Amino acid sequence: MKCRFFLLDVNEGRWEGKPCARFWGIDEEGKRILIMAGQITPYFYFLPAAPADRDSMRSRLMQDKKFGMVLDVTVEHRKLLGKDEVVFKVLCSDPALVSSYCKAIPKIVGGQGFDDLRLPVRYMTDCRLTACGWNECEVEPIEIEGVRVDGAYLATALPYSLSHDVPPKVRILAFTTLAVAEKGSAKPEVDPVRAIGVATDSGEVELFRTSADDDLTTLKAFIDYVEKYDPDIIVGFESTRLHWPYLIKRCKQRKEALTMGRDSSEPHSSVFGHVSIIGRANLDLSDLASGIFEVKVKTIENTATFFQLPSSDKVRTVDELNRYSLWTKDEERRGLLENTKLVAKACLVVAQAAIDYPMQLSAITGLPLDQVISAAVGFRVDSYFIRQAHQIGELIPTKNEQPFFTYQGAVVIEPESGTHENVAVLDFTSMYPSLMRKYNLSPDTLVKGDEKVSAGLVYVIPQVGHRFRKEPDGFYRIVLTSLIENREAIKREMENQTSDSTTYKVLKERERAVKMITNACYGYAGWAGARWYVREVAESATALGRETITKTIEKAKLLGMNIIYGDTDSIFVTNDAHKINQLIDWVDSDLGLEIRVERRYVRILFTEAMKRYAGLRTDGGLGFVGLEVVRGDWSDIAREVQEEVLVHVLKDQSTRMAIESVNEMIQRLRRGEVPIAKLTIRKTLTKPIEKYAVRAPHVEVARQMMKEGWDMTLGDKVAYVVRKGSGPLYKRAKPPNRVRLEEVDLEYYVDNQIKPAALRILELLGVDEGRLLA
DNA sequence: AAGGGCGCACTTTTGA
DNA sequence: TCAAAAGTGCGC
């Protein structure tokens with residue numbers, strides 16, 4: 001029989017002693033299914049340094065005791081950077097050894113290993129299966145013990161992909177835990193889980209509470225609930241770092257099996273550091289939030305607010321430092337418990353609002369949903385490249401430690417500071433991808449060293465002098481072309497849909513996903529961790545970019561245009577439709593690229609610095625770029641003052657009102673009317689605390705807190721306020737909730753937060769510090 | 001463990 | 001007192 005299934009998760013397993021892939025999914029009838037596939041024997045490729053014959057290689061490898069798991073060696077034709085090669089396919093009985101053999105054999109025999117893929121990835125690649133998409137397989141039903149699905153099958157042939165199409169209805173469960181300690185962070189070794197909040201997309205919201213410090217029943221209730229609801233997707237906020245580890249340790253303590261998986265297994269940490277639950281997609285929504293730059297402080301309430309979700313105004317992330325004092329008061333304890341439910345609810349609605357995009361990203365890259373969310377951009381591109389390479393018969397390079405070089409980037413044009421009216425912004429569309437495609441920038445077309453190739457056959461890149469063959473199409477060109485054509489096809493498909501249909505929504509997110517991968521290809525080429533790392537490609541892309549924008553500016557000046565500013569692939573000019581059209585035509589005809597009017601400003605204000613400006617758009621909205629108002633490491637009071645100044649300057653065109661608003665804020669601050677929350681400054685710990693060379697305020701605060709038993713780790717945002725006193729800031733910085741307003745050094749906020757932020761703008765209008773309150 | 005790139009502004013600490 | 005270094009977070 002044939003089984004058509006939506007692929008949710010894939011991992012490794014064994015069937016009758018043989019390694020196999022396990023595909024977890026949902027069939028057309030909505031049944032949750034498992035398919036065991038044992039068709040592919042784990043393998044990798046090996047290209048010997050010198051040509052060798054198969055029989056001698058086969059006997060050599062199979063007789064070597066170190067390689068006891070080698071089953072067979074066969075010969076195949078593959079390509080290495082476009083060049084045909086005869087390679088050995090080394091088949092292994094144990095999938096766990098593919099990676100180590102792939103490295104070890106070339107070391108001993110001489111040569112190079114390729115395609116060190118894990119078995120699930122091997123299947124996804126060889127069969128071109130679509131994660132979060134529909135696939136099909138010839139199967140027969142089987143019985144497997146301990147597996148919680150509606151149907152288990154054995155594949156009798158290789159599975160294959162059908163289409164992306166619209167996902168089926170999935171079951172989502174959101175959860176959060178609450179733990180409290182009298183002193184410091186809650187410790188799973190001693191502090192029980194006080195409550196677990198759960199919300200599901202069927203509308204249920206539950207709170208499992210612990211009484212008398214005995215959380216065993218709470219844990220059991222949660223485990224039961226998950227088993228009964230049988231979610232396809234489990235979400236939480238900071239679940240990877242906080243909630244799962246806590247539950248895992250509590251269960252260990254209480255000797256209770258945290259059987260979350262569809263094979264009754266417990267959560268385990270997997271690639272990209274995420275927590276994996278077999279047969280389901282376990283997602284940490286903070287991974288999603290980390291990709292949304294508008295969300296400055298990554299909390300569930302801020303993320304929910306970003307998605308404009310109703311529950312966002314009630315839910316809050318309770319700071320660990322406050323938790324105990326809330327817990328010990330009856331009234332506030334109720335609030336804390338209520339909030340635990342609200343957090344779960346908010347996680348659920350955020351997941352529902354946001355899930356389409358990661359699903360499509362998963363479908364495009366081939367990474368399972370849980371992995372694609374936690375994987376950094378480079379790994380998403382890596383996955384896409386692997387699939388493309390395999391399709392065209394290319395060998396897949398192994399990841400190895402690469403020496404890494406920096407190179408020159410883009411140009412930024414010094415702005416004409418001050419106010420400008422009626423300004424248009426011209427942007428090149430996908431500048432780097434376009435240039436990479438146009439000049440065939442790729443490792444396989446790169447002419448190495450001083451190899452002689454006649455001038456007509458190569459593109460010579462300005463400034464850096466790298467040469468790339470015009471033909472044949474390089475790997476990067478093939479990949480970029482596939483991405484760009486894919487995107488165009490999606491856009492065409494969208495035209496056939498009404499904009500409120502489910503299909504349209506899915507296509508829109510798919511288009512976003514393709515765009516994201518397209519734009520990441522340049523950065524990927526320059527990333528030392530990439531399988532296809534080629535510094536020359538990235539270096540050439542930026543060199544061509546510099547040439548492109550420079551030439552365009554020269555042409556614009558010839559046309560009599562006034563260049564106000566430019567950065568990388570954009571130029572800001574006076575809005576003169578005729579001249580702009582002339583320039584657009586010239587870019588098309590002479591550079592073979594596309595430039596478009598991306599935005600228009602009624603009024604725009606440039607500081608003397610690059611990358612910092614603000615403007616009133618023709619659509620009535622204000623845009624802030626690079627200024628304090630968009631930076632997460634300034635206090636709210638500084639950001640608010642600057643925003644007010646900008647509103648007065650850009651909208652009301654009143655410098656007087658701007659000055660007054662600043663002075664008013666200074667007075668309010670001095671009168672003690674500004675709450676500490678607005679004086680809080682947050683900075684991220686960007687490295688392990690012991691590696692800091694300097695006593696920065698946030699680092700010192702983190703150190704103090706760690707000493708008192710609070711968990712502080714790399715990536716945490718540390719909040720502090722500055723207290724009165726003398727000496728360096730780092731001695732006066734304290735966590736906000738340890739400080740009373742009377743202790744706060746208000747003058748620090750006047751002199752080092754409000755005034756700099758306000759004067760950054762006001763000074764451009766000829767206002768000096770003397771006009772502000774002393 | 002840490003998981004595209006480089007260019008730039010700006011604050012605070014450091015060290016002479 | 002001053003310049004350099006460290007550190008953060010932005011723009012594209």
Side-chain angles (χ1 to χ4, degrees), chain A residues 269 271-274 287 290 293-294 296 367 371-372 374-385 399 401 404-415 425 427-428 430-432 516-535 537-539 541-543 545-546 549 565-571 598 607-613 623-634 638 681-688 691-700 713-715 717-718 722 727-733 748 751-753 756-757 760:
Chain A
S269 68
V271 282
F272 313 124
H274 82 291
D287 286 334
S290 70
F293 74 94
E294 288 95 336
K296 301 287 176 196
L367 286 170
Q371 290 182 34
V372 85
S374 58
V377 180
F379 290 114
R380 295 174 182 173
V381 179
D382 229 25
S383 181
Y384 188 84
F385 273 45
K399 276 193 219 188
E401 306 258 317
F404 129 95
F405 307 90
T406 56
Y407 58 89
Q408 196 182 338
V411 278
V412 190
I413 312 298
E414 201 82 45
V425 186
D427 264 20
F428 282 92
S430 316
M431 183 197 250
Y432 288 153
M516 186 253 143
I517 299 293
T518 310
N519 291 338
C521 286
Y522 148 72
Y524 176 85
W527 172 45
R531 285 180 192 262
W532 284 272
Y533 166 56
V534 213
R535 192 202 80 242
V537 167
E539 194 171 34
T542 57
R546 293 193 297 275
I549 193 150
Y565 176 64
D567 185 349
T568 311
D569 61 352
S570 68
I571 55 173
E598 199 62 43
T607 66
E608 280 167 9
M610 300 172 197
K611 297 178 186 284
R612 297 186 145 229
Y613 57 90
F624 307 114
V625 179
L627 295 165
E628 282 75 2
V629 66
V630 294
R631 292 185 64 93
D633 57 348
W634 283 72
I681 298 167
R682 290 184 177 80
K683 288 189 204 290
T684 312
L685 289 176
T686 60
K687 48 183 169 185
K691 294 232 171 109
Y692 279 93
V694 157
R695 307 186 72 177
H698 70 298
V699 180
E700 288 306 301
T713 54
L714 193 148
K717 272 219 191 304
V718 183
V722 177
L729 276 188
Y730 67 81
K731 285 190 177 154
R732 300 193 278 135
Y748 168 83
D751 295 335
N752 297 55
Q753 293 278 324
R760 187 101 50 226

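In what follows, chains are A, B, ... by sequence order, proteins preceding strands, each numbered from 1. No experiment lies behind these values; they were computed from the predicted model shown. Values reported hereafter were calculated over all heavy atoms of this structure, with side chains retained and with hydrogens, waters and symmetry mates removed.
A/M431 has its CE atom 15 Å from the C1' atom of B/dG5, to the nearest Å. What separates CE of A/M610 from C1' of B/dC6 is a distance of 14 Å, to the nearest Å. For the pair A/R760 CZ and B/dC8 P, the interatomic distance rounds to 17 Å; values are reported in whole Å. Regarding A/Y533, its OH atom lies at a distance of 10 Å from the C1' atom of B/dG5, rounded to whole Å. Atom pair A/D382:CG and B/dG5:P shows a separation of 13 Å (rounding to whole Å applied). At whole-Å resolution of the value, NE2 in A/H698 and P in B/dT13 are 12 Å apart. Protein atom CD of A/E628 is 18 Å distant from nucleotide atom P of C/dT8, rounded to whole Å. Between the CH2 atom of A/W527 and the C1' atom of B/dC6 there is a distance of 17 Å, given to the nearest Å.
Using a 4.0 Å cut-off between charged side-chain N and carboxylate O, A/R732 and A/E700 make no salt bridge.
In this structure, A/Y692 reaches the C/dT8 phosphate: one of its side-chain N or O atoms is under 4.0 Å from OP1 or OP2. Phosphate proximity of B/dT11 to A/Y748: absent, as no side-chain N or O sits under 4.0 Å from OP1 or OP2. At the phosphate of C/dG9, OP1 or OP2 sits under 4.0 Å from a side-chain N or O atom of A/T684. Phosphate contact (OP1/OP2 of B/dT12, side-chain N/O of A/N752, threshold under 4.0 Å): present. Contact check, A/K717 against C/dT8: no side-chain N or O comes under 4.0 Å of OP1 or OP2. Dashed line: the shortest gap from a side-chain N or O of A/K683 to OP1 or OP2 of C/dG7 is not under 4.0 Å.
Comparing the same atom, P, in C/dT8 and in B/dA2 gives a spacing of 14 Å after rounding to whole Å. Comparing C/dG9 with B/dG3, their P atoms are spaced 15 Å from each other, to the whole Å. Remark: the separation of the P atoms in C/dA6 and B/dG4 is 24 Å, to the nearest Å.
No contact: A/Y432 has no heavy atom under 4.0 Å from any strand. As judged by a 4.0 angstrom heavy-atom cut-off over every strand, A/A410 is placed among residues touching the sugar-phosphate backbone only. Across all strands shown, A/F385 has no heavy atoms under 4.0 Å from either base or sugar-phosphate atoms. Within the nucleic acid shown, A/G523 comes within 4.0 Å of at least one base atom, counting heavy atoms only. If you check every strand for non-hydrogen atoms under 4.0 Å, A/K731 touches nothing. A/T406 comes within 4.0 angstrom of sugar-phosphate atoms only, judged by non-hydrogen atoms across all strands, and of no base. As judged by a 4.0 angstrom heavy-atom cut-off over every strand, A/W634 is placed among residues touching the sugar-phosphate backbone only. A/K399 comes within 4.0 angstrom of no nucleic acid atom, judged by non-hydrogen atoms across all strands. At the heavy-atom level, A/V630 lies under 4.0 Å from the strands shown only through sugar-phosphate atoms. If you check every strand for non-hydrogen atoms under 4.0 Å, A/G529 touches nothing. Residue A/V381 is classed as having no contact, given no heavy-atom separation below 4.0 Å to the nucleic acid.
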Open item on the list: For A/R612 and A/R760: C-alpha separation, side-chain torsions, deciding distance, then whether side-chain contact (heavy atoms from CB on, under 4.5 Å) applies.
Closed with: CA-CA 10 Å; A/R612 297 186 145 229; A/R760 187 101 50 226; 3.4 Å; yes
- [ ] Could you check A/W634 against A/V629 for side-chain contact (heavy atoms from CB on, under 4.5 Å), going step by step and ending with a plain yes or no?
- [x] CA-CA 8 Å; A/W634 283 72; A/V629 66; over 6 Å; no
- [ ] Evaluate side-chain contact (heavy atoms from CB on, under 4.5 Å) for A/H698 paired with A/I681, printing each intermediate quantity in order.
- [x] CA-CA 9 Å; A/H698 70 298; A/I681 298 167; over 6 Å; no
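Checking C/dG7, B/dG3, C/dG11 against the side-chain heavy atoms of A/A376 singles out B/dG3 as nearest. Closest contact between the side chain of A/V412 and the listed nucleotides B/dC6, C/dC10, B/dG7 involves B/dG7. Comparing B/dC10, C/dC10, B/dT14 by their closest approach to the side chain of A/A609 singles out B/dC10. Among B/dT13, C/dC10, C/dG11, the nucleotide with an atom closest to any side-chain atom of A/V694 is B/dT13. Side-chain proximity of A/T568 to the nucleotides C/dC10, C/dC12, C/dG7 is greatest for C/dC12. The side chain of A/P756 approaches B/dT11 more closely than any other nucleotide in the set B/dT11, C/dG9, C/dC12. Here B/dC8 is the nucleotide among B/dC8, B/dT12, C/dG7 with the atom lying nearest to any side-chain atom of A/K611. With C/dG9, C/dA6, B/dG5 as the candidates, the nucleotide lying closest to the side chain of A/Y522 is B/dG5.
With DNA chain B read from its 5' end, the first of the two nearest nucleotides for A/A696 and A/R612 is the one closest to A/R612. Comparing A/L714 and A/E608 against DNA chain B, the residue whose closest nucleotide sits nearer the 5' end is A/L714.
By the neighbour-count criterion of 12 heavy atoms within 6.0 Å, atom CD of A/E608 is sparsely surrounded, having that number or fewer from other residues, nucleotides or ligands.
Ring geometry for A/Y407 versus A/Y522: interplanar angle over 60°, hence perpendicular rather than tilted (30 to 60°). Ring pair A/Y524/A/F385 is tilted by interplanar angle, where 30° to 60° counts as tilted.
You'll find the side chain of A/V694 stays beyond 4.5 Å of the side chain of A/V699, heavy atoms only.
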